[in-house]
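Notes to accompany the following structure.
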Amino acid sequence: METEAAIPDPPVAEPSTSASEPTQPPETTQAETEPGFSIAEWVAYAKSYAEGIGLRLDPEAVYCWDNPITAGPHSRYLERDISGRLDRYKGDGSITAVWIWAEACGDGSYDIYIGYA
């Protein structure tokens with residue numbers, strides 16, 4: 001009896017990669033792995049803190065302010081700086097209302113203004 005020779009399977013072609021496709025996943029940068037900085041969250045924090053200590057939020061309280069607080073991805077003491085400033089205003093006695101806003105500085109950082117009346 002003759003045995004049939006096994007017919008080999010055809011070779012499987014490997015997927016081709018073109019020069020425009022990366023062969024490995026792109027490396028992530030440190031900025032992509034760090035949590036993002038949100039100035040809106042810090043303004044919201046400041047407004048919430050102000051209300052929590054008894055200051056009224058008033059969008060008309062924008063004509064007097066001290067030096068702005070600089071804020072950005074590398075700011076380490078924003079919570080302390082914001083709460084300290086607002087505590088000082090509350091302790092003043094003559095300040096009853098504040099308004100808080102931020103303006104971009106153009107270098108990735110912001111100035112947080114706390115106007116008072």
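Values below: every heavy atom of this structure, side chains too, minus hydrogens, waters and symmetry copies.
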Heavy-atom closest pair, residues [X] and [Y]:
| X | Y | value |
| --- | --- | --- |
| A117 | A61 | CB-CB, 3.9 Å |
| I95 | L55 | O-CD2, 3.7 Å |
| L86 | A46 | CD1-O, 3.4 Å |
| A102 | Y110 | CB-CB, 4.5 Å |
| I100 | K47 | O-CE, 3.3 Å |
| G108 | P73 | O-CD, 3.5 Å |

Q | Rounded distance (nearest 0.5 Å) linking atom CG of D92 with atom NZ of K90 | A | 11.0 Å
Between [X] and [Y], is any pair of side-chain heavy atoms under 4.5 Å apart?
| X | Y | result |
| --- | --- | --- |
| I114 | I69 | yes |
| F37 | W42 | yes |
| I39 | I112 | yes |
| W99 | D58 | no |

Q: Name the orientation class of the two ring planes belonging to W65 and W101 (parallel below 30°, tilted from 30 to 60°, perpendicular beyond 60°).
A: perpendicular
**Q.** Ring geometry between Y49 and Y45 (parallel below 30°, tilted from 30 to 60°, perpendicular above 60°)
**A.** tilted
Near [X] [atom1], under 6.0 Å, is it more than 12 heavy atoms from other residues, nucleotides or ligands?
| X | atom1 | result |
| --- | --- | --- |
| R76 | CZ | no |
| E51 | CD | yes |
| E103 | CD | yes |

Q.
For residues I82 and Y77: do they belong to one hydrophobic cluster (side chain heavy atoms under 4.5 Å, members Ile, Leu, Val, Met, Phe, Trp, Tyr)?
A. no
Q. Would you say the side-chain atoms of S83 pair up with the backbone N or O of E79, donor to acceptor, closer than 3.5 Å?
A. yes
Q | Side chain S75, main chain L78, donor-acceptor under 3.5 Å | A | no
Q) So D66 and Y113, side-chain hydrogen bond (donor to acceptor under 3.5 Å, both in side chains) or not? Walk me through it. A) CA-CA 8 Å; D66 292 329; Y113 289 87; over 6 Å; no
